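Everything on this sheet refers to the single structure shown next.
Just so you know, these numbers come straight off a predicted model, no measurement behind them. Quick note on labels: first sequence line is chain A, next is B, and so on, each numbered from 1. What you see below is based on every heavy atom in this structure, not just the backbone, and it leaves out hydrogens, waters and symmetry mates.
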Amino acid sequence: MKVRTRFAPSPTGYMHIGNLRTALYEYLIAKSQNGDFILRIEDTDQKRYVEGATDIIYSTLKEVNMNWDEGPDIGGGFGPYVQSERKNIYAEYAHKLVELGGAHYCFCSKSEADEQKDEEQNIKFQDPCKLIPLEEAKKRVAAGEPYVIRQTVRKKGKSKYHDEVYGDIEIDYDELDEGVLLKSDGFPTYNFANVIDDHLMQITHVVRGNEYISSTPKYNLIYEDFGWEHPHYVHVPQVMKDAQHKLSKRNGDASFQDLVAKGYLPEAILNYIALLGWNPGTEQEIFSLEELKKVFTTERLNKSPAIFDIVKLNWMNGCYIRALSPEEFQQKATKFCGELPAFVNMKALCAALQPRVEFLGQIAEQIDFVPAVGAYDKELYVNKKMKTDVEIAAKALALTLPVLEKVADWSNDTLFATLKNLAETEGLKNGQILYPVRIALSGKETTPGGATELAVILGKDESLKRIKDAINKLA
RNA sequence: GGUCCCAUCGUCUAGUGGCCUAGGACGCGGCCCUCUCAAGGCUGCAACACGGGUUCAAAUCCCGUUGGGAUCACCA
C-alpha cells in the first residue's frame, strides 16, 4: 500500500516552528518511501479563521521546498481538501455513526454540560441524552430542535494501540469523554473530521503532537465503529521554548516567517528543526531536504521534548550562509543592506560580510559606518596591543594620505603591501599604520575586515576623504 | 485531582547489558593564525535526577521516589 501522509494545519495565521517540524516529518515519511504528501486545511472553527492564513501555509511550504502531491490549490483524487467544503460529508457520516451506535444526538446546552463536570474532582459529563431512544431523538431533530452529535463510549476496560515512537499505549475507556463530534452549527470538531478525512483520503501515517496521545483511543473507537482500520500513529514530542513552556504565538516566540524576516535561510531552519527530536544515528548535522529523504526513519524519533535553541540555529544558519556562493550571498544580502551610497563596492562589502554574519539581519549593524562615519571619540585611536595612541595615529594618517593618493590599483593586495611597506620604511609596526587607518575609515573599534579591506569597500575617493577628515579631527 | 507521557553535559543528542575512565555538535574557556572582529585549525571544562532491586556486569532491564510535560472544549 502506498504511503500517504498529510499536513493538516488550521489557518490561524501563524506558521509555528513545531507545526513546520510536524509537516517535515510527514513529508519525510512519505517521500522516504516514495509516497504522497497531502495538504489539507482544517478550518472547521469559523471563529478562529484568519484571512490570508492559507497563503502563509502555501508560501512556507514552498519556501522550504516541501511540495505537496494533493491539496486545495492543485486538487487530487480525494478532494475537496478544505474541511469547510466537506461539511455535508461529515454530517452524513455523523448520522451514520449514530445508526451504528457509536454516537448519539444530544440536546444539552454547552453550559449544562460544563456545569456537570469537574476536572479536579474528576467528574465527567454524563450525557442524559444518551438514554433518549433513537426514534424519539430523531423526531426531535426532525422537529428542528438544536442538537449536537456526541460520541458514545460503550466499551469497558483498556484501550490499546501502538504508537511508532511511544510504543504501546494503554488507556482505560472510562477515561474517555464523550465529546462532540458534530457541532450545533453543523460543522464537525477536529475529533471527528480528522478521522473521517484521514480514512477517506487513505492516509497511512498520522503525525501529530503528543498532546493527542490520550485522545487517540477515542478516534480508534470511531474507526472501529465504522469498521475501518486506523492509520499508523506517529506522535512527536513538543518543541519547547524552555523546560517549562512550549513554543507559542502567545509568548511571542518566533514563527517561521519571523525567522526568515530576520535573515535566517529556510533551508537552515528546516535542517535545524529536523534535528529537534530526530537524529540520523551518525554524526552528520548538515542535511539538505534531499539528504533527509534518504536517511529519515521514524525509529530515530525521540520521545522527550526538545528546547528550541536559537544559538545553535545561529551557528547552523552561519554554516549555510558561508556555504553560499559569493553571488548567492550578495543577492540575499543586498536586501538587508538598505540604501547604500554609490561609492560602495558591493562585491567587496559582501565578501567581508559573508563569514561575519550568522543571519542576514546582523548586516545592518556591521555596515552602519559605510554610508558615513558616525561621531566617535579620539580615544578610539588608543590601542595598547596595536601600540597606537592619538599622536601616533595623527602621524600615521598624515604619512598614509599621500601614499594612498598615489595608489593606482585600489585592490586589497596592493593596498596592504603598500601600507606594510610604508610602516617598514617609517620604522613603525604594521598595526601603527593599519589600526589608525581602519578607525579613520570606520570610526568603529571592530569592523568587518581590516583597514585595507574597508578601503576597497569604500573606494579610493571616499577612503581618502575619510582619512583627511580624521587628520583634521586629530589636529 | 484522575489518567497518560517523559527524564544522559547549560542546549540538541549518541548510547537497546560488557566496546563507557559515557561519544559528537552548539555554546563557553585557552592556544594558533591574524591589519580590529569574524572565519579556519588545535585544545580544555562540562551529564547518566534519586533510591532500591535483577545480573558476574546497568546510563542501558524492573520497582519506587522526585521533577517536568500533556490531557480532562460545540480549539485543533
Side-chain angles (χ1 to χ4, degrees), chain A residues 8-10 12 42-45 47-48 106 108-110 113-114 117-125 148-150 163 166 169-172 174-177 179-185 187-191 193-194 208-217 235 237-238 240 242-246 272 275-285 300 302-316 318 322 352-358 366 383 385-386 412 415-416 419-420 423 429-435 437-439 442 444-454:
Chain A
S10 41
T12 53
E42 308 220 331
D43 61 345
T44 56
D45 186 2
K47 291 189 290 293
R48 296 214 308 170
C106 169
C108 300
S109 69
K110 184 171 185 320
D114 286 344
K117 62 192 171 185
D118 186 330
E119 287 173 18
E120 293 304 306
Q121 299 286 315
N122 197 27
I123 295 169
K124 294 201 173 296
F125 173 57
V148 299
I149 291 181
R150 262 182 202 282
D163 181 83
Y166 287 94
I169 306 284
E170 264 188 32
I171 291 171
D172 203 295
D174 287 340
E175 289 297 321
L176 273 30
D177 49 30
V180 171
L181 265 21
L182 200 71
K183 300 185 258 187
S184 52
D185 64 3
F187 278 93
T189 58
Y190 166 85
N191 299 326
N194 96 85
R208 49 157 78 123
N210 67 7
E211 67 267 27
Y212 290 97
I213 285 181
S214 43
S215 46
T216 296
H235 286 104
Q238 300 286 348
M240 309 290 283
D242 55 48
Q244 272 74 34
H245 311 277
K246 61 179 196 172
Y272 176 68
L275 265 22
L276 273 184
W278 177 86
N279 77 80
T282 64
E283 284 177 358
Q284 185 177 350
E285 292 203 275
R300 298 207 65 89
N302 270 131
K303 294 185 181 75
S304 35
I307 297 172
F308 181 87
D309 181 14
I310 192 78
V311 176
K312 184 148 187 178
L313 204 213
N314 284 347
W315 164 77
M316 189 171 279
R322 276 172 259 127
L353 255 18
Q354 192 166 0
R356 291 182 173 86
V357 293
E358 292 187 306
Q366 295 253 17
N383 186 296
K385 196 181 163 204
M386 294 297 114
N412 190 50
L415 288 168
F416 187 64
L419 294 186
K420 202 177 161 190
K429 307 278 288 181
N430 287 351
Q432 290 174 310
I433 295 284
L434 293 163
Y435 187 85
V437 170
R438 195 171 59 79
I439 301 302
S442 65
K444 289 181 77 181
E445 189 175 7
T446 63
T447 53
T452 60
E453 288 165 283
L454 297 193

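- The CE-P distance, from A:Met316 to B:rG27, rounds to 11 Å in whole Å.
- One can place CG of A:Asp45 at 6 Å from C1' of B:rC75, the figure rounded to the nearest angstrom.
- Residues passing the salt bridge (charged side-chain N to carboxylate O under 4.0 Å, His left out) test with A:Arg438: none are found, sequence neighbours excluded.
- Residue-nucleotide stacking is present for A:Phe416 and B:rC35, judged by a side-chain ring centre under 5.5 Å from the six-membered base ring centre and planes under 30° apart.
- The side chain of A:Lys312 has B:rG24 as its nearest neighbour among B:rG24, B:rU3, B:rC35.
- Residue-level contact check: A:Lys117 touches the backbone only, with heavy atoms under 4.0 Å from sugar-phosphate atoms and none from bases.
- The nucleotide B:rU66 finds its pairing partner in B:rA7, both defining distances of the Watson-Crick or G-U wobble pair being shorter than 3.5 Å.
- The side chain of A:Arg150 sits closest to B:rC74 out of B:rC74, B:rA73, B:rG2.
- Listed by chain and residue number, A:Ser111, A:Glu112 satisfy the side chain to side chain contact (heavy atoms under 4.5 Å, CB included) test with A:Ser109 (two or more places apart in sequence, or in another chain).
- Nucleotides B:rC42 and B:rG24 place their P atoms 13 Å apart, quoted to the nearest Å.
- Atom CG of residue A:Asp45 and atom NZ of residue A:Lys183 lie 4.5 Å apart, to the nearest 0.5 angstrom.
- One interatomic measurement links the two molecules: CD1 of A:Ile433 to C1' of B:rC35, which rounds to 11 Å at whole-angstrom precision.
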Within the sub-3.5 Å range, which N or O atoms of nucleotides 40-44 of chain B have a protein N or O partner, and how far apart are they?
from, atom 1, to, atom 2, distance (Å)
B:rG40, OP1, A:Arg322, NH1, 3.0

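- Rounded to an integer number of Å, the gap from A:Glu358 CD to B:rA38 C1' is 10 Å.
- Pair assignment for B:rC48 gives none, since no Watson-Crick or G-U wobble pairing has each distance under 3.5 Å.
- With sequence neighbours excluded, the residues forming a ring pair (Phe, Tyr, Trp, His ring centres under 6.0 Å) with A:Tyr272 are A:Phe308, listed by chain and number.
- Rounding to whole angstrom units, CG of residue A:Asn430 and C1' of B:rC33 are separated by 15 Å.
- The side chain of A:Asn412 approaches B:rC35 more closely than any other nucleotide in the set B:rG15, B:rG2, B:rC35.
- For A:Glu285, the listed nucleotide lying nearest its side chain is B:rA25; candidates were B:rC12, B:rA25, B:rC74.
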Name the pairs: protein N/O against N/O of nucleotides 4-10 of chain B, kept only if under 3.5 Å.
none

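- Contact between the side-chain N/O atoms of A:Thr446 and the OP1/OP2 oxygens of B:rA38 is not found at any separation under 4.0 Å.
- In this structure, B:rG1 and B:rC72 make a Watson-Crick or G-U wobble pair, each of the two defining distances being under 3.5 angstrom.
- When Watson-Crick and G-U wobble pairs are counted only if both distances are under 3.5 Å, B:rG29 pairs with B:rU43.
- Residue A:Ser442 is out of contact with every strand shown, counting any heavy-atom pair closer than 4.0 Å.
- In this structure, A:Gln238 places its CD atom 7 Å from P of B:rU71, rounding to the nearest Å.
- Residues passing the ring pair (Phe, Tyr, Trp, His ring centres under 6.0 Å) test with A:Tyr190 are A:Tyr212, sequence neighbours excluded.
- Of all nucleotides present, none satisfies the Watson-Crick or G-U wobble test against B:rA57 with each distance under 3.5 Å.
- Looking at residues two or more places apart in sequence or on another chain, you find a side chain to side chain contact (heavy atoms under 4.5 Å, CB included) between A:Arg322 and A:Cys319.
- For A:Pro305, the side chain to side chain contact (heavy atoms under 4.5 Å, CB included) partners at least two apart in sequence or on another chain are A:Met240.
- Summarising the geometry, the separation between NZ on A:Lys183 and C1' on B:rA73 is reported as 10 Å, rounded to the nearest angstrom.
- In this structure, A:Tyr212 reaches the bases: a heavy-atom distance under 4.0 Å links it to at least one base atom across the strands shown.
- Going from atom CG of A:Asn302 over to atom P of B:rU11 covers 14 Å, rounded to whole Å.
- With sequence neighbours excluded, the residues forming a side chain to side chain contact (heavy atoms under 4.5 Å, CB included) with A:Lys110 are A:Asp114, listed by chain and number.
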